[in-house]
Amino acid sequence: MRARRAGCGASIVPSVLETRGLTMTFGGVAAVDGVDFTLGRRELRCLIGPNGAGKSTFFKCLTGQLKPTAGEIRIGEEETTGWDPHAVARLGVGVKTQVPSVMDGLSVRENVWLSAYRGRGRAAARSATDAAIERLALGEIARALVGRLSHGERQRVELAIVVAAAPTLILLDEPAAGLTSEEVGRLAEIIVALNREAAIVIVEHDMQFIRTIASVITVFSQGRILVEGPVEDVMRDPRVRDVYLGRKG
Amino acid sequence: MSARPQLRGTFVALAAGAAILALAPLVAETYTLSVLVIYAILALSLGLIWGFGGILCFGQAAFYGLGAYTYAIAAINIGESTLPVLLGIAVPFAFAFVLGAVMFYGRLSDVYLGVVTLVVTLIFFRFMNATAGPAFAIGEARLGGFNGIPGFPILNVPGQPRWEIYDGAFYAVCAVALLLVYGLVRWLLASPFGRVAVAIRENEGRAELMGYDARLRKTVLFAVGGGIAGLAGVLYASWAEIVTPGLFSLAQSAEIIVWCIVGGLGTLAGPIIGAVVLGYAKFLLGQQSVIDNTLILGAILVLSVLLMPRGIAGVLGAAWGRAPRRARRPRRRAGAPRRLRSLDRA
């Protein structure tokens, strides 16, 4: 089943995420180099680019896992440059990392509950946990230890962790990696549904998946934004083909 | 999460513990039992922060010794034990809080954390050894250098300095203290704070991405462990009636770690069992002079790690799990309603 495409609309609605001149260097190498990025409320944006383009580093700067060398990050009304991850998360930012980051020694339900509990009471956390488990179809494995689950199931658990916190901004790093085509289809539906409540940024390589969920994409290359626009236009852009094929423009 | 099964489990554990502690004087002297119970409290302090918080502290003896010295110094100056007991808990708690804040807010990795805590206890050890002169005194209490501080007032009934607590009564106080600490730790671990602490142990990065400040929670947990170790130090001081720099020694710190490993990390019963078993073995081995004690204890550690990676508690738990269900469950009376087990753990 093909999911609904999310709209752009960044120009007419206030931004929920904005970066200005965001730079992150490691030694003399700029992994992220002066990135200006804006995401509108309830917008869904996919970031693509070859390996080493700086997408995941950009993500880590947004979440507070890395402190940017220069530039500014604004999430909603707050300037969050250099904030710690827990402080960024408390603004309503949900993060799914590239490699599933879950608590292996705890059950699925405990993982989700921990996310749902923060900032809520016990009763609200319980209902949010139940809802997230149902939404991600994790009911049958709710009591299983996460460390014993398959990669696809762990991906879903991490997504349930994100969903349970009811975020207003969701950052997903390669959510479709390692999933079967059936799981990818289901994931697309879930993401589109989540986009009705939250703005979403997705780093992804699977172009078919991207076409299913997004209408606007941003291409990273060598730490910078190479091009930004509707999916089909970007795919036809010769510069994008060049960076993917490793040709110098 | 349904709290009722956990509450029932806590009561069962406390009742079983109380029964064992009450019957123990039938097989050993209360003097020996008292120090074993004190060791159990000390082991529980490390078992909490290492087994459930993932914080490997190589210098738990620092808080133990600090509690003992604080009690001795305060008891000499005050002449009564009530406030010194409280200070003996509060001072190590506060010290652990400050040390923990420096380490965790400084984002020290696990290895450096172990090194820092080890160095701290060695600094205490060296410093206390160097306090022999009359210049090293706090109020009327001389620190005494290598010889330590002897002859301070032991525990008394609160507000009654003349009613000293020793022998069987002291053992009862230690036993109650162990049960209280065990209950407190279980309650703490069952609370949202404890569950987040376990989550941080499992995956600190994810816990932070969920919005939990791991540094603050680890600092608080570390301080609680310090306070519990301080209580053990207070009781030890009153039991031994002398405190010496040996309380801060490397051997003392290593011993606590060995108790936890042999007993079983990640459980509450494990460190208690490890401390009692190895503490009693040390007591028995001390009565012979053929082989050095530490060699035998070292061999026990190596064998334990190789043969029982999850410790004595892990072996007992596995044996309990293999036991026939019928043997474990009480027989249901005919016509009695079936008990519903809560399926909702979280």
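Just so it is clear: chains get the letters A, B, ... in the order the sequence lines come, proteins before strands, and each one is counted from 1. Predicted, not measured: the structure shown is a model, and the values here were computed from it.
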Asker: Can you confirm whether more than 12 heavy atoms, excluding those of B:R310, are under 6.0 Å from its CZ atom?
Answerer: no
Asker: So which heavy atom on A:R90 is nearest to which on B:D213, and how close?
Answerer: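 Smallest interatomic distance, heavy atoms only, reads NH2-N, 3.8 Å.
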Asker: Counting heavy-atom pairs closer than 4.5 Å to chain B, which one of A:G119, A:G105, A:A125 comes out on top?
Answerer: A:G105
Asker: Of all the heavy-atom pairs spanning A:L106 and B:E202, show the shortest one and how long it is.
Answerer: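 Reported closest heavy-atom pair: CG-CG, 4.1 Å.
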Asker: Output the distance between atom CZ (A:R118) and atom CE (B:M210), rounded to the nearest 0.5 Å.
Answerer: 11.0 Å
Asker: Rounded to the nearest 0.5 Å, what separates atom CG in B:L209 from atom NE2 in A:H86?
Answerer: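 Result: 11.5 Å between the selected atoms.
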Asker: Dump the intermediate steps for side chain to side chain contact (heavy atoms under 4.5 Å, CB included) on A:Y117 and B:R195, then the final yes or no.
Answerer: CA-CA 11 Å; A:Y117 177 74; B:R195 296 171 74 188; over 6 Å; no
Asker: Once rounded to the nearest 0.5 Å, what's the spacing between atom OG of A:S101 and atom CG of B:N203?
Answerer: 3.5 Å
Asker: Using heavy-atom distances under 4.5 Å, tell me whether B:R201 contacts chain A through its side chain, its backbone, both, or neither.
Answerer: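 For B:R201, neither part sits under 4.5 Å from chain A.
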Asker: Who wins among A:V162, A:I161, A:T63 for the most heavy-atom pairs under 4.5 Å with chain B?
Answerer: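 That would be A:I161.
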Asker: Do you know which of A:V95, A:V93, A:V112, A:V88 has the most heavy-atom pairs under 4.5 Å to chain B?
Answerer: A:V95
Asker: If you count every heavy atom of other residues, nucleotides or ligands that lies below 6.0 Å from A:E79 atom CD, does the total exceed 12?
Answerer: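 Count over threshold, so yes.
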Asker: Do other residues, nucleotides or ligands put more than 12 heavy atoms under 6.0 Å from the NZ atom of A:K60?
Answerer: no
Asker: Is B:A207 in contact with chain A via its backbone, its side chain, both, or neither, using a 4.5 Å heavy-atom distance?
Answerer: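 Both the backbone and the side chain of B:A207 come within 4.5 Å of chain A.
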Asker: About how many Å separate CZ of B:R206 and CG of A:N111, when rounded to the nearest 0.5 Å?
Answerer: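 The CZ atom of B:R206 is 9.0 Å from CG of A:N111, to the nearest 0.5 Å.
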Asker: In terms of heavy-atom contacts, does OH of B:Y105 have more than 12 from other residues, nucleotides or ligands at under 6.0 Å?
Answerer: yes
Asker: For atom OH of B:Y112, is the number of surrounding heavy atoms from other residues, nucleotides or ligands below 6.0 Å larger than 12?
Answerer: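 Counting other residues, nucleotides and ligands, OH of B:Y112 stays at 12 neighbours or fewer.
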